[in-house]
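Here's the structure we're looking at; comments come further down.
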Amino acid sequence: MIEPNEISKAYDPREVEARWYKIWSDRGYFEAQDQSDKPPFCIVIPPPNITGELHMGHAVFITLQDILTRWKRMSGFNTLWLPGTDHAGIATQMVVERDLKKTEQKSRHDLGREEFLRRVWAWKEKYGNRIVEQLKVMGASADWRRMRFTMDEGLSKAVREAFVRMYEEGLIYRAQRLINWCPRCYTALSDLEVEHEEKNGKLWHIAYPVKGSEQKLVVATTRPETMLGDTAVAVHPEDPRYKHLIGQKVVLPLLGREIPIIGDAELVSMEFGTGAVKVTPAHDFNDYATGQRHGLEMISILDLAAKANQNAGPYAGLDRYKCREKVVEDLEKQGLLVKIEDHKLSMGTCQRCGDVVEPLLSPQWFVKIAPLAEPAIKAVEEGRTRFIPEQWTNTYFGWMRNLHDWCISRQLWWGHQIPAWYCACGETVVSREDPAACPKCGGALKRDEDVLDTWFSSGLWPFSTLGWPEKTAALNTFYPTSVMETGHDIIFFWVARMMMFGIHFMKDVPFKNIYLHAMVRDERGEKMSKVKGNVIDPLDLVYGQPSAEKLAPDLKKKFPKGLPAYGADALRFTLTSLTAQGRDIKLSMDRVEGYRNFCNKIWNASRFVMMNLGEPSAVQARLAKPFKQQKLALADRWILARLNRAVTETLQALEAYKFNDAASVAYQFVWGELCDWYIELSKGSLYGQDEEAKAATRAVLCHVLDQALKLLHPLMPYITEEIWQKLPRRATEPESIMIAGYPKPEPSHEDEQAEREMALVIEAIEGIRTIRGESSIPPARKILAIIHAESEVRQALERHRQYIEPLAGLDDLVISAPGAKPRVSATVVSSRMEVFVPLEGVIDLAEEEKRIQKEIGRVDADLQLLTKKLANPNFAQKAPPEVVEKDRARVAELEQKKVKLLEGIARLKGEAQTEKIDVEAAVEGLSFEKAEPEAKVSIKAAGGEGGIDLGQEMKGELENLKLPAVPDANLVKQLDKLREGTKEGLSKTDHYDLGVAYMGMGLVDDAVREFNQAGVNAPEAMKGEAPAAKKAPAAKQAPAAKKAAPKKAAKATAAKKAPAAKRAAPKKAAKAPAAKKAPAAKKAAPKKAAKAPVAKKAPAKKVAAKKPVAKKSAASGKRR
RNA sequence: GGGCGGAUAGCUCAGGGGUAGAGCACUGGCCUUACAAGCCGGGGGUCGCAGGUUCGAAACCUGCUCCGCCCACCA
């Protein structure tokens, strides 16, 4: 037995989290087997850059992948989560260069390639693992033994093999092409590495003199300096303005070159600009294509530094922007600048450094995409690889079907150097081994200095990390991998390329499922960025950040005193909860805090359990036996059944990658059911004298907590392990929760009956609590509550009254058949029971009335809606019968409820007796006559005025019955038959007569039901008092009636006219139209009432037997 | 210019033809022996707008308006 103060009251993640990771790791729990009898499950990590520092994006993927990994591991898979890092060519080189500049004021060229690379490696050794350590903080259960780096020996070999093989296959080639060039990073870029930004620019209109003519051809351009490289002017071949010029020449201003006028329908649109386009094939992708079509000369006028070269004549040496200024200035001087317009244009910028990218002509290496893309598209079409969420499938197709060849060479030093050598004789050698000399001429070879695009090596990742090109056991076991989990921002960069390479080299898709998670944004939905100052550092959340100064500005504002340590579990759970498919994650600090509190809740619930388990060995002995062989209390059976549902639903969610559903099911179960109900209910047995019951409850508590912890473990690994270690457990359990079995549905724990009965217990407790809460009755004050219910419900409540009394704060509970009701009481009504708290002087009468009025308002709203719906002939005709039936039943239910509520108000005022006529009138008026014309139809259907009147017949029958004081089975059968046989046709009078008959036999429940259906105040009738209708003329009817009934009634009409006021207005509702006639009262006036024997069953305190009565309950289970 | 998401409570988000949900925030009552990071109540929504399909639409269809993202070579 653990004493209360043995475990701290508040959960402190710092201490706990620091401890466990090392233990797990040391014990080898993270490790997968190359060969195993278990089915394989494999995820390869999206390798973070070695320059990276943990950000929310990492936190998300670590969390999701770790959830999958831990879940599968616990479910008996040979689970490999393969970690690694990426050398991140440009990014890393830039970081080290910056560093070099800062510390030694040197450029990489000052050091030379070899020395510089040595420095980068040194930097990598020093800092490259930082990100890895941070991933571990999040709890990542990756197999670190297998950690790979894209530049390590094995992967380098794979890269070289892939390159050479594709070269040999003709899938890699070198060519002079127009490529994207970043003059700052000084390298070629792939299309993907260029970001397009919409910017405000200008459109310059320049006049080009037509040769041998006074005419000038005006072209429009956004980049005037490129005119220096123009090799044609294009017009639309159909353009009447220019058609005749095609084939002639213009004189290029400033340089004086003569260039042709060509017709090109593809490049030129007649509507845009002037309808004439200057063509610069060496500096624009469109123009490049045009040049190809027309065999135009290509003149580069910019060098790699984006400075004008010798081709630019007098402008040579000028930077591209200076050059532009000068060109514009000179054109203007020559009067050739026609006009300048503002113009929006999209400019390509370097993903890495943001500089404007320059399309330049340059010899580069390319991957031929078409032959690779085709099978990669097919694989997805055939469903061999599936995108989740599905919507990404189209994005993938769209891109894959529209691909240009991939430029893979980069003019960097840090990366995989291209295995190509050139000889002066013109020979190119591409080889797996470094060649000694030119195989053709024996001359000296010079190696290509360029390196490969980082994404080239990343594309090989799913198999290179498993040992390819060697045929390793790991490769055999784990390829294809199970899931690729990554952000949708790299679907093209990475996912698509893995698909292409995987299929090409491995003859099989690299992964069966691709789960693309959302991007993390701040709580306003904006991208997190340092510039915006809205970055939230995951580590600050995990460890806390006492210094507000170190927080980003937005956070600082909100947390001027710094951040507390929420812990990795809370962060993981938050991210999991917010990861709904297809939506960005807006990270809300309130959520983080809420889930930190959840951790604390789990912690304290566990403390409770451990403080109350008694001897561990006794619990263990109990746990060894299946629960179905034990005698369990309702609460025990209930929580096992609920657990079972939670397990089933969590598994479903995980299977479907609905992480947020998994989180919310588990949360709801633990907090809403285990803590809020079971723990509270268990106290009775734990603190009680029944040793057998106590032992059973202890075992159930222990089992349920064990299962809940396991269920949660993949989501919150640390806290679950910490607690689980302290829990007594079955002898068959391993020594860590992370290698224990994941919960499975247990059919023997299903128990719908327990769920139904508990639902009743909960309903009763909540009903009483509502009254207590509304009337502000302090919890310490014990009160009396009375519950009226029909027999099955009543019996169930009776059996479990020991649960109700303590949880509702009662010192007395009366459960009885509907009968005389307490005079002044608060009431809560449901379809299954009526709860009263008769506490004069305790209940705030005014408040209580307000509350009931409000409730009535809600009932009325529903009623009106339903009545209207039912009145629509089409509904009854076309809707499924069960839906119609359901609605009918609901109308009946609501009407009853309303009657009871109105009675409740009357009783509050001590005016119950005089109330009854009004009650009925109100019902009639409100739900029927009040509403639309079609409401008449519904009353017919329900068996009212228009229904078949069986009254005569029934009366005849009834009068012939001799009613004994004790029910006679045959008679009852007859009556029931009579009633059921004419169900749809009974009038209110019929109901009333039936009520009298039942009552005569002492069948109070049945009598009350009939009275209720007759719209009569049952208790009054039962007491045999003269009906109020006789004493009180309708006009005069008790003041209370006027207040109570009309409110609602008026609303129905008022709502129509004054929608704006509808919510606020009810108070002033006009008079109840219903009050005017009270026709029902007349009908109800019972001739036989006087005869009726007084009900014997007036509720006496605790009349009902306490011993359980085995009888099924009609109530249905409900989930809170 | 195409494509894809989104718009539901004050906030962050689930839901997906048949009675509008959660957490947080708000509010009333409680230091009740697991937990004040808590317990027990309560209030709060024309489900972006307009049409359509349907007996019935927040959900399905069409159009529109905003917001976000992706793709694209219109000078």
Side-chain angles (χ1 to χ4, degrees), chain A residues 4 7 9-11 196 203 219-223 234 267-269 272-280 284-290 343 345-346 359 389 391-392 394-395 398-399 402 488-489 491-492 518-519 521 523 525-527 564 577-578 580 582-591 593-612 660-661 664 667-668 672 675-676 679-680 683 687 766 769-780 806-807 809 851 854 862 865-866 869 872-880 882-884 886-887 890 894 1059:
Chain A
I7 309 173
K9 266 176 117 169
Y11 173 61
H196 294 272
L203 197 55
V219 300
T221 178
T222 54
R223 301 193 52 196
L267 179 72
V268 185
S269 125
F272 188 91
T274 60
V277 185
K278 59 190 272 315
V279 184
T280 325
D284 180 281
F285 287 97
N286 276 325
D287 294 3
Y288 180 80
T290 309
H343 182 69
L345 76 162
S346 115
Q391 73 215 37
W392 294 110
N394 281 332
T395 308
W399 191 72
N402 236 321
H488 60 70
D489 53 336
I491 182 169
F492 304 140
M519 300 288 105
R521 304 172 180 283
E523 48 199 334
E526 288 179 34
K527 240 178 180 159
S577 297
L578 294 174
R583 247 215 223 212
D584 285 343
I585 300 171
K586 284 183 211 145
L587 186 64
S588 146
M589 289 301 294
D590 288 341
R591 283 287 192 106
E593 193 180 320
Y595 293 125
R596 186 272 315 258
N597 295 354
F598 180 47
C599 291
N600 199 44
K601 189 73 181 177
I602 297 171
W603 182 253
N604 279 295
S606 305
R607 275 179 71 229
F608 171 82
V609 172
M610 290 183 287
M611 280 156 45
N612 288 288
N660 58 319
D661 285 354
S664 92
Y667 180 96
Q668 179 55 39
C675 292
D676 286 352
I679 285 187
E680 293 308 321
K683 288 174 181 172
Y687 302 157
E766 287 181 335
R769 282 174 175 174
T770 298
I771 295 170
R772 297 188 67 117
E774 287 295 292
S775 299
S776 298
I777 302 170
L807 267 65
R851 185 182 67 78
K854 192 167 173 180
D862 285 357
L865 226 70
L866 283 169
K869 194 163 148 192
N872 183 346
N874 283 326
F875 178 66
Q877 211 177 311
K878 297 192 183 166
E882 62 272 18
V883 172
V884 178
K886 219 175 98 195
D887 282 352
R890 181 145 170 78
L894 287 169

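Just so it is clear, the model here is predicted, and its values are computed rather than measured. In what follows, every chain begins at residue 1, and chains take the letters A, B, ... in the order their sequences are listed.
Residue A:Tyr687 places at least one side-chain N or O under 4.0 Å from the OP1 or OP2 atom of B:A34. Residue A:Lys601 has no polar side-chain atom (N or O) positioned under 4.0 Å from OP1 or OP2 of B:C35. Regarding contacts with the backbone of B:A75, a side-chain N or O of A:His343 is found under 4.0 angstrom from either OP1 or OP2. Note on A:Lys683: a side-chain N or O is less than 4.0 Å away from OP1 or OP2 of B:A34. Contact annotation: A:Thr770 side-chain N/O to B:G42 OP1/OP2 distance is under 4.0 Å. Contact annotation: A:Lys9 side-chain N/O to B:A37 OP1/OP2 distance is not under 4.0 Å.
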Please list, pair by pair, any protein nitrogen or oxygen found under 3.5 Å from a nitrogen or oxygen in nucleotides 18-27 of chain B.
residue : atom : partner  : partner atom : Å
B:U19   : O2   : A:Arg890 : NE           : 3.1
B:U19   : O2   : A:Arg890 : NH2          : 2.4
B:C24   : O2'  : A:Asp590 : OD2          : 3.4

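Residue-level contact check: A:Val268 touches the bases, meaning some heavy atom is under 4.0 Å from a base atom. A:Arg596 comes within contact range of at least one nucleobase, with a heavy-atom separation under 4.0 Å. Residue A:Glu882 is classed as having no contact, given no heavy-atom separation below 4.0 Å to the nucleic acid.
In this structure, A:Ile585 atom CD1 and B:A14 atom P are separated by 10 Å, rounded to whole Å. Taking atom NE2 of A:His196 as the reference point, atom P of B:C71 lies 8 Å away to the nearest angstrom. At whole-Å resolution of the value, CG in A:Asn604 and P in B:A36 are 7 Å apart. Taking atom CZ of residue A:Phe608 and atom P of nucleotide B:C35, one finds them 10 Å apart after rounding to whole Å. Separating the CZ atom of A:Phe598 from the P atom of B:C39 is a distance of 12 Å, rounded to the nearest angstrom. Atom pair A:Glu680:CD and B:U32:C1' shows a separation of 9 Å (rounding to whole Å applied). A:Ile777 places its CD1 atom 13 Å from the P atom of B:G42, with the value rounded to the nearest Å. To the nearest angstrom, C1' of B:U12 lies 13 Å from CG of A:Asn660.
In this structure, the salt bridge (charged side-chain N to carboxylate O under 4.0 Å, His left out) partners of A:Lys869, at least two apart in sequence or on a different chain, are A:Asp887.
Comparing B:C60 with B:C4, their P atoms sit 15 Å apart, to the nearest whole Å. Taking atom C1' on both nucleotides, B:G15 is separated from B:A72 by 36 Å, rounded to a whole Å. If you take atom P in B:U32 and the same atom in B:G38, they sit 16 Å apart, rounded to whole Å.
Here the options are A:Phe598, A:Tyr667, A:Tyr595, the test is side chain to side chain contact (heavy atoms under 4.5 Å, CB included), and the partner is A:Ser577; only A:Tyr595 passes.
Using a 30° and 60° split on the angle between ring planes, A:Tyr687 and A:Phe608 fall in the perpendicular class, above 60°.
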Checklist line | Base-pairing string, 5' to 3', of RNA chain B - Watson-Crick or wobble, under 3.5 Å, | interstrand | finding: (((((((..((((....[..)))).(((((.......))))).....(((((..]....))))))))))))....
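Note on A:Asp862 versus A:Arg890: salt bridge recorded, some NZ/NE/NH1/NH2 to OD/OE distance being below 4.0 Å.
Contact check for A:Asn604 versus A:Arg607: side-chain heavy atoms found under the 4.5 Å cut-off.
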